[in-house]
Amino acid sequence: SLHYALPILIKYEGERAMFDLNRASLLYDMERYREAENVLRRIPSINPTFDAMCESLRFKILDAK
């Protein structure tokens, strides 16, 4: 499955973080808020712009609960 193949292709921490942010966004869209929140917790701080995107999703999850 593609879900298992993508992590193998990830070489840099920033790529992993973006993969996890996209995964959390999909979980949010599927209304699986707890899982999305768990994924967000594991994402490291990369830079201010990326961190703001993570916080934006975190606030959406909090509002949806």
Side-chain angles (χ1 to χ4, degrees):
S1 135
L2 186 59
H3 173 70
Y4 296 107
L6 281 176
I8 294 170
L9 300 173
I10 294 171
K11 295 184 171 103
Y12 303 103
E13 183 178 351
E15 291 175 334
R16 176 84 209 174
M18 185 58 79
F19 174 82
D20 286 338
L21 178 58
N22 287 330
R23 184 170 171 236
S25 295
L26 288 171
L27 288 166
Y28 169 80
D29 289 343
M30 294 173 12
E31 298 181 1
R32 294 166 63 179
Y33 306 123
R34 181 172 287 150
E35 290 175 69
E37 195 171 26
N38 288 336
V39 171
L40 277 175
R41 282 192 195 114
R42 293 190 305 257
I43 298 175
S45 176
I46 301 293
N47 62 47
T49 303
F50 182 78
D51 296 348
M53 291 188 310
C54 291
E55 283 303 306
S56 175
L57 180 56
R58 187 170 283 119
F59 286 127
K60 286 180 181 181
I61 291 169
L62 290 174
D63 285 343
K65 285 184 170 182

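Note that these values count all heavy atoms, side chains included, but never hydrogens, waters or copies made by symmetry.
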- prompt: Does any N or O in the side chain of Asp20 come within less than 3.5 Å of the main-chain N or O of Leu40, such that one atom is a donor and the other an acceptor?
  reply: no
Distance-only, no hydrogens or angles: does the Ser25 side chain make a donor-acceptor pair with backbone N or O of Leu21 under 3.5 Å? yes
Sub-4.5 Å side-chain heavy-atom contact between Leu27 and Glu37 = no
Subject >> Heavy-atom side-chain proximity of Met53 to Met18 below 4.5 angstrom >> reply: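 In contact.
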Contacts satisfying ring pair (Phe, Tyr, Trp, His ring centres under 6.0 Å) that involve residues 26-51 (not counting sequence neighbours) are Tyr28-Tyr33
To the nearest 0.5 Å, atom CZ of Arg16 lies from atom CD1 of Ile43 at 9.5 Å
CZ of Arg32 to CG of Asn38, rounded to nearest 0.5 Å, is 11.5 Å
Shortest non-hydrogen contact from Arg41 toward Arg58
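For Arg41 versus Arg58, the nearest heavy atoms are N-NH2, 4.2 Å.
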Asp51 and Pro44 have their tightest heavy-atom pair at OD1-O, 4.3 Å
